[in-house]
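The structure appears below as structure tokens.
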Amino acid sequence: MKSILIIEDDATVAEAVSFVLERNGYETTHVETGSRASELLKKQHFCGALIDVWLGSEDGLDVLARLRADGNTLPVVIMSGGGPGHTLESVSTRADVLDACAVLFKPFTDEELLDAVNRSCPDDSCAAD
Amino acid sequence: MSEERDITPDRKARGIALLLEQTARLVYDEKQPKALHAVQWSALRYLERAGANSRNVAGLAKYLGVTSGPASRTTASLVSRGLAEVTDSPTDSRTKIINLTEAGHAVLEHDPLNRCARIVHELDEDELSTLALALNKLHSRLSKPPVE
């Protein structure tokens, strides 16, 4: 089963995203911070990650930048509804520069979520044992 | 992190900052009277990329970081040029969806960013990776208040 790491500080959004992905054959793990995600990525295999830009005091794109600077090439889908200091234009630009596979503008539909995740993780061979 | 106001940038740092500013201006250096403005190009890119649920004035406003007034005016300017059209949402009659027209899709093939993107594409992998991380760092710092 393909495993997806969800980095999202809003439990309600994480739950809704997990529900859609799990109903469609994915296994999900939810963490609330970038540091917890980094720890987990060192010891566990994931096929991809969904990262929210607004992580409380943290910037989800800075989390992605740290992963890329460490050489991590995990397929990533960015989620954002905009917010202070984060126009969706700058979010999508930085996400492109950091090799994110897709950007989901909130509110997005279940179909848009699945399409982005399916396109980001098309390879069945990445599924964990 | 050192306090930004205590840093005295050297000539090279100022030169790089100026080069960034001049490079950005070069992208939209089109002199034709009917040329689209940068914000109209941004809106066209958004409409091409956004899903149906966010392809409306509120979504465009969040994308551009403006209030709904300027976003409405930008939408109207694209509609008057025949590049976009506004229709009722099939799922919610209170909501209007903004769609690109065929002409809107066609004009995006001449997006002034394309030339810059093609030149960037020709950089070697190390240059590209260094540039990406450096620009991301710069953008991230500039979009936050200065460190006091």
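In the text below, chain A, chain B and the rest are named by the order of the sequence lines, each starting its count at 1.
- With a 6.0 Å radius and a threshold of 12 heavy atoms from other residues, nucleotides or ligands, A/Arg66 has its CZ atom above the threshold.
- The aromatic rings of A/Phe105 and B/Tyr63 sit perpendicular, their planes meeting at an angle over 60°, well past the 30° parallel limit.
- Interface remark: of the candidates A/Ser80, A/Ala102, A/Gly81, A/Ala65, A/Gly81 forms the most heavy-atom pairs closer than 4.5 Å to chain B.
- Note that OG1 of A/Thr93 and CG of B/Leu113 are 8.5 Å apart. Values are rounded to the nearest 0.5 Å.
- One finds no salt bridge joining A/Asp62 and B/Arg141 here, because no Lys/Arg side-chain nitrogen approaches an Asp/Glu carboxylate oxygen to under 4.0 Å.
- Other residues, nucleotides and ligands contribute more than 12 heavy atoms inside 6.0 Å of the CD atom of B/Glu21.
- Counting all heavy atoms, side chain and backbone alike, A/Glu112 lies closest to B/Ala52 at OE2-N, 3.2 Å.
- The shortest distance between side-chain heavy atoms of B/Arg49 and A/Val103 falls below 4.5 Å.
- For A/Glu22, the CD atom counts as densely surrounded, since its 6.0 Å shell holds more than 12 non-hydrogen atoms of other residues, nucleotides or ligands.
- Around atom NE2 of B/His37, no more than 12 heavy atoms belonging to other residues, nucleotides or ligands sit under 6.0 Å away.
- Note: A/Glu111 CD to B/Asn53 CG = 9.0 Å, rounded to the nearest 0.5 Å.
- With rounding to the nearest 0.5 Å, the separation of OG in B/Ser42 from CG in A/Leu88 is 12.0 Å.
- A/Leu5 and A/Val20 end up in different hydrophobic clusters when Ile, Leu, Val, Met, Phe, Trp and Tyr side chains are linked at under 4.5 Å.
- A/Arg94 is listed as a side-chain neighbour of B/Ser140, based on a closest heavy-atom distance under 4.5 Å.
- The distance from atom CD of A/Glu89 to atom CZ of B/Arg45, rounded to the nearest 0.5 Å, is 7.0 Å.
- Neither the backbone nor the side chain of A/Asp115 comes within contact range of chain B; no heavy atoms are under 4.5 Å apart.
- Looking only at side-chain heavy atoms (C-beta outward), A/Leu98 and B/Asn136 come within less than 4.5 Å of each other.
- Around CD of B/Gln22, the count of heavy atoms belonging to other residues, nucleotides or ligands within 6.0 Å exceeds 12.
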